[in-house]
Peer 1: 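Before we start, here is the structure in question, set down as structure tokens.
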Amino acid sequence: MIKKRMQDAMNDQIQHELGSAYLYLAMAADFHAKGLDGMAQWMEVQTQEETVHAMRFFRHVDERNGRVELKVLAAPQKEWASPLAAFEAAYEHEQFITARIDELVKVAREENDNAALMMLQWFVNEQIEEEANVTKVIDLLKLVGGTGQGLLMADRELGTRVFVPPPAGADAAGAPA
Ligand code: OFO
């Protein structure tokens, strides 16, 4: 059974992951409103990934006979000054999430919770990828500039992103059952 301290920390993380989904969905809406459907697609895929992250914590708490508690989600920002500003905000947010994961690892170590530590290892690696993915887009946007042909090209490129669902029956640590 999961200890209360670990359970509470994971419930907080469910809120952060769903908060990430909500933030990226707001960015998708802003991109759609500005005719940047490729960037909106990129953010919609990111929203789906964040929901998967939240569900990994949800399953972990539930499977260890803990109690999932859902918390309030604050309304995200509605508009960003430019695509670059939105992706820079996304990068800043991912750094915040990385710090949250590191904090969870600390709690798991202090509680001697090896099951949580194993599950969290997936997130430690995932955050490397999350930060790298956003950095790649920031680099691209800086390269092509914020207007005209370059922006349209970047929009087309980002619109090729597709969501890859986790394998059916994956366990709480993300490994196939
Ligand atoms: Fe973007 O990694 Fe979860 O929140």
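As a basis for the values below, the full set of heavy atoms in this structure was taken, side chains included, without hydrogen atoms, waters or symmetry mates. Just so you know, ligand 1 is whichever comes first in the structure, and atom 1 is the first atom listed for that ligand.
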Peer 1: Quick one: which ligand 1 atoms are inside 4.0 Å of a heavy atom on Gln46?
Peer 2: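 Answer, ordered by atom number: 1 (Fe).
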Peer 1: What class does the angle between the rings of Phe87 and Phe31 fall in, given that below 30° is parallel, 30 to 60° is tilted and above 60° is perpendicular?
Peer 2: parallel
Peer 1: So what's near atom 3 (Fe) of ligand 1, protein N, O or S atoms under 2.8 Å?
Peer 2: Glu17 OE1, Glu50 OE1, His53 ND1
Peer 1: Could you go through Leu104 and Met6, starting from their C-alpha distance and side-chain angles, then the distance that decides it, and tell me whether this counts as side-chain contact (heavy atoms from CB on, under 4.5 Å)?
Peer 2: CA-CA 8 Å; Leu104 282 167; Met6 196 74 243; 3.9 Å; yes
Peer 1: Just grab all the side chain to side chain donor-acceptor pair (under 3.5 Å) pairs involving residues 67-78, residues at least two apart or on different chains.
Peer 2: Asp12-Lys71
Peer 1: Check the pair Trp122 / His53 against ring pair (Phe, Tyr, Trp, His ring centres under 6.0 Å), numbers first and verdict last.
Peer 2: CA-CA 10 Å; Trp122 184 90; His53 293 174; 5.6 Å; yes
Peer 1: For the pair Glu17 and Arg56, evaluate salt bridge (charged side-chain N to carboxylate O under 4.0 Å, His left out) and give the outcome as yes or no after the intermediate values.
Peer 2: CA-CA 10 Å; Glu17 298 295 346; Arg56 281 179 187 262; over 6 Å; no
Peer 1: For the residue pair Ser20 / His93, report whether a side-chain donor-acceptor contact shorter than 3.5 Å exists.
Peer 2: yes
